[in-house]
Amino acid sequence: MSKVTKKRFVVSKSLIGKGVEITFTNKKGETFTYNHDEVYAKNQEKLETMECFQKYGNYTNSNNLPTWARD
């Protein structure tokens with residue numbers, strides 16, 4: 001599994017199936033680590049219906065880990 005550090009939470013079509021573990025720190029200084037493929041698999045139906053995911057191929061959030069992405 002490869003590890004990546006980002007400045008925001010992201011789920012991207014380009015990262016699906018690549019076994020990426022993402023760590024990001026939000027604006028409050030809180031650090032979160034998640035398995036991209038697991039978050040996508042558990043929320044695929046929700047993500048595929050989001051306009052941003054359809055149009056841009058990703059979903060991002062720089063403020064926090066979305067409630068639907070938490071374990």
So do [Y] and [X] actually touch side chain to side chain, heavy atoms under 4.5 Å?
X     : Y     : answer
Asn26 : Asn63 : no
Tyr40 : Glu48 : yes
Lys18 : Asp37 : no
Leu15 : Ile22 : yes

Interatomic distance, [X] atom [atom1] to [Y] atom [atom2] [nearest 0.5 angstrom]:
X     : Y     : atom1 : atom2 : result
Leu47 : Gln54 : CG    : CD    : 10.5 Å
Thr23 : Lys6  : OG1   : NZ    : 11.5 Å
Glu38 : Asn43 : CD    : CG    : 11.0 Å
Phe53 : Lys46 : CZ    : NZ    : 12.5 Å

What's the shortest heavy-atom distance between [X] and [Y], and which atoms?
X     : Y     : answer
Leu65 : Arg70 : O-NH2, 2.7 Å
Lys7  : Phe24 : C-CB, 4.3 Å
Pro66 : Asn61 : CG-ND2, 4.3 Å
Asn64 : Phe32 : OD1-CZ, 3.4 Å

>> Is there a continuous path of hydrophobic side-chain contacts, each under 4.5 Å between heavy atoms, that joins Tyr56 to Val11?
In response: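 In one cluster with Tyr56: Val11, no.
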
> With Lys42, which residues qualify under salt bridge (Lys or Arg N to Asp or Glu O under 4.0 Å), at least two apart?
Replying inline: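 By the salt bridge (Lys or Arg N to Asp or Glu O under 4.0 Å) rule, Lys42 matches Asp71.
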
>> List the residues meeting side chain to side chain contact (heavy atoms under 4.5 Å, CB included) with Glu21, not counting sequence neighbours, and say none if there are none.
In response: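 Residues passing side chain to side chain contact (heavy atoms under 4.5 Å, CB included) with Glu21: Met1, Lys3, Thr33.
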
>> Students often mix this up, so state it plainly: with edges at 30° and 60°, are the rings of Phe9 and Tyr59 parallel, tilted or perpendicular?
In response: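 Perpendicular.
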
